[in-house]
Each structure stands twice: as C-alpha cells, then as structure tokens.
Student: 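The following block contains the structure, expressed as structure tokens.
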Protein chains: 2
Amino acid sequence: MAPRTRQAERRRQVLTRERIIETAVELLDAEGEDALTVRALTGRLATGSGAIYWHIGNMSELLEAATDAVVAAALDPRPAGAGRARDTDRAPETGRARGAVGALEAAGTPQDDIRAVALGLFDAVTAHPWLAGQLAIQFTRNPWGPVTLRIFESIGRPVRALGVPQTDWFTTASALVHYLLGATTQTRRHAGDDTAPASEAERAAFLDTASSAWQELDPGDYPFIRAIAEQMREHDDREQFLAGIDLVLTGITTLHAGSLSRGAEGPTPRGRRGRGSP
Amino acid sequence: MAPRTRQAERRRQVLTRERIIETAVELLDAEGEDALTVRALTGRLATGSGAIYWHIGNMSELLEAATDAVVAAALDPRPAGAGRARDTDRAPETGRARGAVGALEAAGTPQDDIRAVALGLFDAVTAHPWLAGQLAIQFTRNPWGPVTLRIFESIGRPVRALGVPQTDWFTTASALVHYLLGATTQTRRHAGDDTAPASEAERAAFLDTASSAWQELDPGDYPFIRAIAEQMREHDDREQFLAGIDLVLTGITTLHAGSLSRGAEGPTPRGRRGRGSP
DNA sequence: ACCTGAACACCGTTCAAGT
DNA sequence: ACCTGAACACCGTTCAAGT
C-alpha cells in the first residue's frame, strides 16, 4: 500500500543507520547472505566504506540489527518504535485477526497466542531465507542478545497467561523457544541455495531426491531413517511445525494440570481427535 | 590412555583426508572457529594449500566432516568405522553404563536412551564450544546432511521403541530433534568468545551481568524478561536442558497414551513428583 | 597419483585527508 | 560531525609445474 519514494531520490538522502540496515535487508532478500558485503552496500548507497563504518561499527553488528528488524516486524506488524514500518510484509495467513493487533498482545487463548508468534517466525523465515541462518547464529554467538530477548518475551507472555507456576516460567519458555528455534532453523527452502523462497516444484523435487536417497541407506546403520523416508516425502512443513508446537504445549499443560487457567484446556491436537484418558 | 605417537613423527606421515579432519578438530578446539583456515592447516601439517584441496574439496566440506566426526564420537564412543577412536573424549557423566555399549544401542528405557543421546550432544558442545555454531550451520545449510541424519537416527530409534504409532514417527522425532538442536545451540559457554569451555566463575559473572541488565529493561516492553531475571541467574543449564527433554517426552506420552509400550510410563519429571491425574 | 606454492580475486576494517 | 577512498592484512581457491 502507498508505494512511493522509490528509486528516484534514493541517491542524495542522508545516510543513517536505519537506511543502512534497510538496504542490508534488501540485499539479503534479493541476493542471499553471501551478497551482503561492505562493497555491495557502498554501491547501493553510493558512498565509501568509511561512511558505513561511521554508522555501524562492524559487519556482525549490522547482521544482528538486520535480523532484529525483520524479527520485530514478524512479531508485531505495526511500526515498532524506531524506523518505518517494514515493506507491508504481511505473512500469508498467520492467524485470523491479523490487522490492528500484533502477535504480542493478541486476543485468543494463550495457546493461540503462542501459535501466532510461532507462525510469525515461521513465515518470516519463509519470506527471508537468510533469516534461518542468522537466527541460528544470533542464538549461538549472542545467546541473550536483542533477537533472543525479543522472541523470549513474545513467547513468555502467553506462557504466563497459561497459568504455569512462576517457578517454571523460565524453563517452560525456554523449552518452547528452543523448539521454535530448531524448527524454524531446519524448516528452510528445500531448494538450491540462496535468494527466492523456492517454488513448490523445487520443493517436491528436493523431497523426492532426499526420500529416495534415504531408501538406499544401509539398513544396518539407518533403519529408522529408512522407515520414515516415505513420510518425509509427503510431510507438510507448516503442519509438522504446528504439530511440534502442540506436542510441547501438551507437555506443558500435562505437567501443570491443576494449576492451569480455566477456559483453555489442552491444545486440542490438530488433525486428530480425543484419544484415551476417560 | 595410551598416549604415544605424538609430536615426533607427525611430520612425514602421509597426508590423508582423515588426518586433515583430525587436525581441523584440534585447531578448532584449541583456537576457536576463526582459527581454522587453510593456511593454519598447511602450517600444522607442513604442506601446501594444494595438498589440502587434493583431499577435501573445500572449506565447508571440511567443516561438515569435522562436525560429523565429533557428533559421531559423542553418540557412540567406540570407533565408528573410518579413522581412529577420537581422543578418549568420554563425556563427564552421561549415563550409567558408559563403556562397551554406545548411546545408539543402549539398554535402558526408551526415555533413558533419548536422554543419553541428548546428554551426549550436550556434553560434546560443552567440550567443543565451536560445535554449537557448526551444528546450527549444518542444520540450516544442509538440513538433511550427514550430521542431521545421524542425530535423527539416534533419536528415532528410541522414539520407535517408545511405541509411538508409525504415522507419528517422523513428526515426533522431528520435535525432539528440533528441541535438542535449539537447546544445545543456545546452551553455550557463557563467557568471552572462543576456545576453552569457560570456567565456573566466568559463567557466574556472565549470568550476573545478564540478569542485572534484564532488571533494568523497560517494564512496558519486557515485563516477562524482567520477571524471570532472577530465575535465569540461578538456573543450571544441564538441569534445564533435561527438564525440556522431559517436557517434550511428556507431550509425546500424553498424546499417545494407550498405544505406548508398557513397562515405561511417563518420563517421571525430575525434581517434582506425582501431581494431579488420579 | 599426489604435492608445491605463487598468484588471483575477493574480503572486512582502518585512517589520513577532506568538507 | 560526517564522509572519501586508497591501503592493509587477511581470506579461500586455482593451477601450472614438479615428483
């Protein structure tokens, strides 16, 4: 919406930290992670390398800032405070009420809120393939940096609303965040290498190849992998991602049964219906 | 044990792919991830760069091989097939029976086997700080490469033994692996930067600083983080790691109650005892 | 078949010098 | 205060040439 101020006066705008970050994201989206270099940046921004370093310190600081910006936009679609509201990036079909209210202060059950945060991240990784790698790097290199903190907070609030006893807040939120990180990190373009989110055909071809390769594995070494080769070919990333979330949610609600807030029982496992427990 | 053949004849040994991988791991352990360069390798091995490339293709292939070697050793302490048995790397206190039988074909309940695999990885990351980052990179760059496959297989077998219905094997194992990856990735040296596994004092200092910083955060933006600052300062990585595993295991056993194998009920959450469900 | 090592095409970062 | 851009110290990788 309201697309204006594009290529035209881009040139002689003032150089700011925000503009550098913004350009970095564009570069990453368009050409992949290897394309983000200081020289590429100076090219797009029509400056010298010294100008970049006047504003940003160093390369990994820039990467962190770019990652944080995209994550912030994914978790709350409205302008966050600094800078402008990212390119109307709306995720395909994250949840029902997606407009005024961001994922952070959503309206559904705590479980729904957790799913909304998770899907926000999932969709962001789909839209920005480089994000998966950067999320992983931020978590390892800077375990409690801004990116981690932001995600933790977004997950923590609904965990609290769930009625989990205070002593378990940290552990419970950690488990969810760790699953989330692992899942979004591995769930990636099943395709070539960089850029573009990979077409449906590419994805299918990739899964086909992998699945076939698995069936060729030594039955002595990899009996399990062989056994699931077929399931893996047919699986849907998004569904599986949500199934995992529900698995963890089930674990949480089961462990804390009794102390949980009423009105929102278990997570109602998707696809399947009531089973056992009379 | 049996320390011999050290520095002495290291020189004029034949150059093999295995020896290069081995040297890469040494370099990574001793000086951190940034220290692994082709030039450093040629220095230690007393060759030229061309010799390296004759055996290994390129740098990221080497990184993958080094990661896979360490992961293989962590999941099964005995010599795996190729190469020698890594430096008697035995993890501190992974499980009870740690000697002849590796984590892969362990003897306990399926739950115990899953914990053994998880702890094997956890301890490996502690012993080799660079491993966290490499695991993350392998998972994102090469979601179904050898490293992922190996871990998946190790987790999948006990999942199967647990009695989870076949249709859920892939999803269930995925959830566990994703949690595992996220947790081992973030649980890292709470210290300076590279090399050495970080002393207890460093760890405490790090947690102190982080915890204090959290308490200074804006209560409007980060209410949850502020609320758990104290818990975070006092938490034990290993315990929390296991608590997360048990959370996921509880989710699994709850969802599949009824179809599970007898003799091994729920995961008996640690620290806490029976609660609710008459 | 295996290895040498100079050379190439890149990096990130610094810093005197300009305005 | 902000920016320029040449220069520096590094990379990974290649390849003619040797044995």
Student: May I have the distance from B/Y53 (atom OH) to D/dC15 (atom P), rounded to whole angstrom?
Tutor: 13 Å
Student: Would you check if the side chain of A/T42 reaches a backbone N or O of A/G48 as a donor-acceptor pair within less than 3.5 Å?
Tutor: no
Student: Charged N to carboxylate O below 4.0 Å: is that the case for B/E26 and B/R44?
Tutor: yes
Student: I need the CG-P distance between A/L27 and C/dC11, as an integer number of Å.
Tutor: 11 Å
Student: Could you tell me if the side chain of A/S154 sits less than 4.5 Å from the side chain of B/F224, heavy atoms only?
Tutor: no
Student: Which whole number of Å gives the distance between the P atom of C/dC2 and that of D/dA17?
Tutor: 22 Å
Student: Could you check which of D/dC11, C/dT4, C/dT13 has an atom nearest any side-chain atom of A/N58?
Tutor: C/dT13
Student: Quiz question: going by heavy-atom distance under 3.5 Å, is there a donor-acceptor pair between the base of C/dT14 and the side chain of A/S49?
Tutor: yes
Student: When you measure from the side chain of B/T140 to the backbone N and O of B/I137, does any donor-acceptor pair fall under 3.5 Å?
Tutor: yes
Student: Hey, are the side chains of A/P146 and A/R150 touching, using non-hydrogen atoms and a 4.5 Å cut-off?
Tutor: no
Student: Rounded off to whole Å, could you give me the CE-to-C1' distance for the B/M59 and C/dC11 pair?
Tutor: 15 Å
Student: Specify the residue among A/T47 and A/R39 whose closest nucleotide of DNA chain D lies further upstream toward the 5′ end.
Tutor: A/T47
Student: Output the rounded distance in Å from CZ (A/R19) to C1' (D/dC3).
Tutor: 13 Å
Student: Taking NE2 from A/H55 and P from C/dT13, how many angstroms apart are they, rounded to a whole number?
Tutor: 16 Å
Student: What is the distance from CG of A/L15 to P of D/dT4, rounded to the nearest Å?
Tutor: 8 Å
Student: Go nucleotide by nucleotide along DNA chain C from the 5' end; which of A/L36 and A/A51 gets its closest nucleotide reached first?
Tutor: A/L36
Student: Below 4.5 Å, heavy atoms only, C-beta onward: do B/T185 and B/F139 meet side chain to side chain?
Tutor: no
Student: With a 4.0 Å cut-off on heavy atoms, is A/L62 in touch with a base, just the backbone sugar-phosphate, or nothing at all?
Tutor: nothing
Student: Would you kindly give the CZ-to-P distance between A/R17 and D/dC2, to the nearest whole Å?
Tutor: 14 Å
Student: CD1 of B/I52 versus C1' of D/dC11: gap in Å, rounded?
Tutor: 15 Å
Student: Out of C/dC2, D/dC2, C/dG12, which nucleotide sits closest to the side chain of A/W54?
Tutor: D/dC2
Student: Determine, for A/E200 against A/R203, whether the closest basic-nitrogen to carboxylate-oxygen distance falls under 4.0 angstrom.
Tutor: yes
Student: In dot-bracket notation, what is the pairing pattern of DNA chain D, taking Watson-Crick (N1-N3 plus N6-O4 or O6-N4) and G-U wobble (N1-O2 and O6-N3) contacts under 3.5 Å, with [ ] crossing and | for other strands?
Tutor: ||.|||||...|||||.||
